[in-house]
Amino acid sequence: MYDFIDINESSRRYSLPSEALILNGKVIEDVINGYQTLTVSGRELISSELNVERKQHNDGSIYIDKSYPPRTITIQYKL
């Protein structure tokens with residue numbers, strides 16, 4: 001059927017802030033001894049850029065693809 005997860009039970013030694021960084025499924029605070037994420041900026045939602053083509057004698061436009069513009073993610077940490 002499904003695995004039961006008790007949301008009241010915690011398997012972590014400490015609680016992580018919402019800014020905690022996860023790389024390849026591992027929390028970086030657990031990988032690097034003494035590392036603590038302080039703040040993270042640049043992870044907010046961004047809108048995608050649509051690539052569309054407008055054909056002559058047609059109403060509207062034809063969707064080609066979409067992409068996300070590059071952005072800079074800044075992480076402040078304590079080690």
S.K.: Can you tell me if D65 has over 12 outside heavy atoms packed within less than 6.0 Å of its CG?
M.R.: yes
S.K.: Could you state whether I73 and Y68 fall into the same hydrophobic cluster, counting links through intermediate Ile, Leu, Val, Met, Phe, Trp or Tyr residues with side-chain heavy atoms under 4.5 angstrom apart?
M.R.: no
S.K.: Between A20 and R43, which heavy-atom pair has the shortest distance, and what is it?
M.R.: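 That closest heavy-atom pairing would be O-NH1, 3.9 Å.
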S.K.: With sequence neighbours excluded, what pairs up with K55 under the salt bridge (Lys or Arg N to Asp or Glu O under 4.0 Å) test?
M.R.: E53
S.K.: Measure across P69 and S47 and return the closest heavy-atom pair with its distance rounded to 0.1 Å.
M.R.: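 Distance-wise, the nearest heavy atoms are CD-O, 3.7 Å.
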S.K.: Which value, rounded to the nearest 0.5 Å, describes the distance between I28 atom CD1 and T37 atom OG1?
M.R.: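 If we round to the nearest 0.5 Å, I28:CD1 and T37:OG1 are 6.5 Å apart.
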S.K.: For the atom pair CD (Q76) and OG1 (T39), what is the distance rounded to the nearest 0.5 Å?
M.R.: 3.5 Å
S.K.: How far does CG of N51 sit from CD of E49, to the nearest 0.5 angstrom?
M.R.: 10.0 Å
S.K.: May I ask you to decide if G60's main-chain N or O and R54's side chain share a donor-acceptor pair within less than 3.5 Å?
M.R.: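 Judged by distance alone, yes, a pair lies under 3.5 Å.
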S.K.: Would you mind reporting whether T74 and V40 have side-chain heavy atoms less than 4.5 Å apart?
M.R.: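 Heavy-atom side-chain distance check fails, nothing below 4.5 Å.
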S.K.: If only atom types and distance count, is the side chain of R71 paired as donor or acceptor with the main-chain N or O of G42 below 3.5 Å?
M.R.: yes
S.K.: Return the set of residues passing side-chain contact (heavy atoms from CB on, under 4.5 Å) with E44 (not counting sequence neighbours), or none when no residue passes.
M.R.: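 Result, side-chain contact (heavy atoms from CB on, under 4.5 Å) vs E44: none returned.
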S.K.: Between L79 and I75, is there shared hydrophobic-cluster membership here, with clusters defined by ILVMFWY side-chain heavy atoms closer than 4.5 Å?
M.R.: yes
S.K.: Taking only residues two or more places apart in sequence or in another chain, which ones pass side-chain contact (heavy atoms from CB on, under 4.5 Å) with L50?
M.R.: S48, V52, Y63, K66
